[in-house]
Amino acid sequence: MTITNRETVRDALGALLSAALVGTGKPAQAFFGYMVGDFAGQSPVVVLTSAGSEPEQRQVTSRQKNSFYFTIFTFTLYAQDGTAYGEDDVEDVVDALEKTIRETLANNRSTANWAFIEYDGRTTVDTVMIAGEEFRRESIPMRVEVYDN
């Protein structure tokens, strides 16, 4: 039996999200497929991290089902000095990022890299300090189902 590496799925999901979120006219300035300690002045930033795995306990067919869990984090700087971007713009940016992520996943429920993808519960929004700057952070829990042969 060939076992799927969670990294392979994370890389594929990262490529999909990066293409949807970063670029001219898109809502994010940067995307990382791993946790980053300093965004070097970039905002908004989207990060994808692994959050666990759950293999099916009983194999009912010749294919083994696995659920991989990921967390997508969006980070939006609370205010940017010297720009027209202010605190009142933060919620709009947070909402635009989440909408784009949700649309991207809805349009890619099944791919060559997974059988099914969905949010794994409610998202949460809070504020965090990173490298001395305050960011609004949204955490989006994800579940991806894959089948091993």
Side-chain angles (χ1 to χ4, degrees), residues 1-78 80 89-149:
M1 175 177 282
T2 303
I3 302 296
T4 303
N5 185 338
R6 187 174 62 206
E7 177 189 5
T8 302
V9 176
R10 181 173 46 83
D11 289 347
L13 178 55
L16 179 70
L17 291 170
S18 181
L21 292 163
V22 179
T24 304
K26 296 179 181 177
Q29 192 171 23
F31 177 89
F32 298 95
Y34 50 89
M35 192 55 76
V36 179
D38 184 351
F39 301 137
Q42 298 178 99
S43 175
V45 173
V46 179
V47 173
L48 173 65
T49 64
S50 295
S53 297
E54 183 178 20
E56 185 176 63
Q57 296 301 313
R58 292 190 184 102
Q59 187 173 336
V60 294
T61 68
S62 62
R63 298 176 65 193
Q64 173 74 36
K65 178 180 132 184
N66 292 294
S67 293
F68 293 146
Y69 296 88
F70 301 97
T71 304
I72 301 168
F73 295 99
T74 67
F75 296 90
T76 306
L77 193 59
Y78 218 35
Q80 295 178 357
D89 298 308
V90 172
E91 294 305 315
D92 294 343
V93 173
V94 170
D95 293 344
L97 289 165
E98 190 279 332
K99 177 184 182 285
T100 302
I101 291 166
R102 194 165 17 100
E103 285 176 338
T104 301
L105 299 178
N107 291 330
N108 292 279
R109 291 277 185 221
S110 178
T111 71
N113 294 292
W114 55 78
F116 187 72
I117 189 169
E118 68 180 351
Y119 277 28
D120 188 44
R122 178 182 172 187
T123 73
T124 57
V125 180
D126 60 4
T127 58
V128 294
M129 295 295 290
I130 297 175
E133 296 186 285
E134 187 172 12
F135 287 82
R136 287 286 277 165
R137 172 182 64 185
E138 183 161 16
S139 301
I140 303 170
M142 303 297 314
R143 182 175 63 88
V144 179
E145 290 181 2
V146 298
Y147 289 87
D148 296 325
N149 293 318

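Between Phe116 and Ser110 there is no side-chain heavy-atom pair separated by less than 4.5 Å. Side chains of Met142 and Glu118 form no contact here, defined as non-hydrogen atoms less than 4.5 Å apart. You'll find the side chain of Phe73 stays beyond 4.5 Å of the side chain of Ile140, heavy atoms only. Val47 has its side chain within reach of Thr49: a pair of non-hydrogen atoms, C-beta onward, lies under 4.5 Å apart. Arg10 is listed as a side-chain neighbour of Leu48, based on a closest heavy-atom distance under 4.5 Å. Considering only heavy atoms from C-beta on, Asn108 comes within 4.5 Å of Thr111 through its side chain. By the 4.5 Å heavy-atom criterion applied to side chains, Val9 and Trp114 are counted as neighbours. With contacts defined as side-chain heavy-atom distances shorter than 4.5 Å, the pair Leu13/Leu105 qualifies.
To the nearest 0.5 angstrom, Leu17 atom CG is 6.0 Å from Ile101 atom CD1. The structure places CG of Asn5 at 11.0 Å from CG of Asn66, a figure rounded to the nearest 0.5 Å. Note that the CZ atom of Arg122 and the OG atom of Ser139 stand 12.0 Å from one another [nearest 0.5 Å].
Closest approach of Ala20 and Thr100 over heavy atoms only: O-CG2, 3.6 Å. Closest heavy-atom contact between Phe68 and Ser53: CD2-OG, 3.3 Å. Closest non-hydrogen pair, Pro44 versus Pro27, comes out as CG-O, 3.1 Å. Closest approach of Pro141 and Gly121 over heavy atoms only: CG-O, 3.9 Å. The nearest pair of heavy atoms linking Ser67 to Lys65 is OG-CE, 4.1 Å. Of all heavy-atom pairs between Gly52 and Arg6, the closest is C-NH1, 3.2 Å.
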### Message
If you apply the rule side chain to side chain contact (heavy atoms under 4.5 Å, CB included), what do you find for Thr76 with Leu97, and how did you get there?
### Response
CA-CA 9 Å; Thr76 306; Leu97 289 165; 3.7 Å; yes
### side chain to side chain contact (heavy atoms under 4.5 Å, CB included) between Glu133 and Leu77, worked out
CA-CA 7 Å; Glu133 296 186 285; Leu77 193 59; 3.7 Å; yes
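The aromatic rings of Phe39 and Phe75 are tilted relative to each other, their planes meeting at an angle between 30° and 60°.
A distance-only check finds a donor-acceptor pair linking the side chain of Lys26 to the backbone of Ala19 [under 3.5 Å]. No side-chain donor-acceptor contact under 3.5 Å links Ser18 to the backbone of Gly14.
Arg137 pairs in a side-chain contact (heavy atoms from CB on, under 4.5 Å) with only one of the listed residues (Ile130, Val94, Asp126), which is Asp126. A side-chain contact (heavy atoms from CB on, under 4.5 Å) with Thr74 is found for exactly one of Val45, Val46, Val125, Leu21, namely Val46.
Judged purely by distance below 3.5 Å, without hydrogens or angles, the side chains of Thr127 and Arg136 never pair a donor atom with an acceptor atom. In this structure, a donor-acceptor pair under 3.5 Å is absent between the side chains of Tyr147 and Gln64. With 3.5 Å as the limit, one finds no donor-acceptor pair spanning the side chains of Thr2 and Asp148.
Remark: Arg143 engages Glu145 in a salt bridge, criterion side-chain N to carboxylate O under 4.0 Å.
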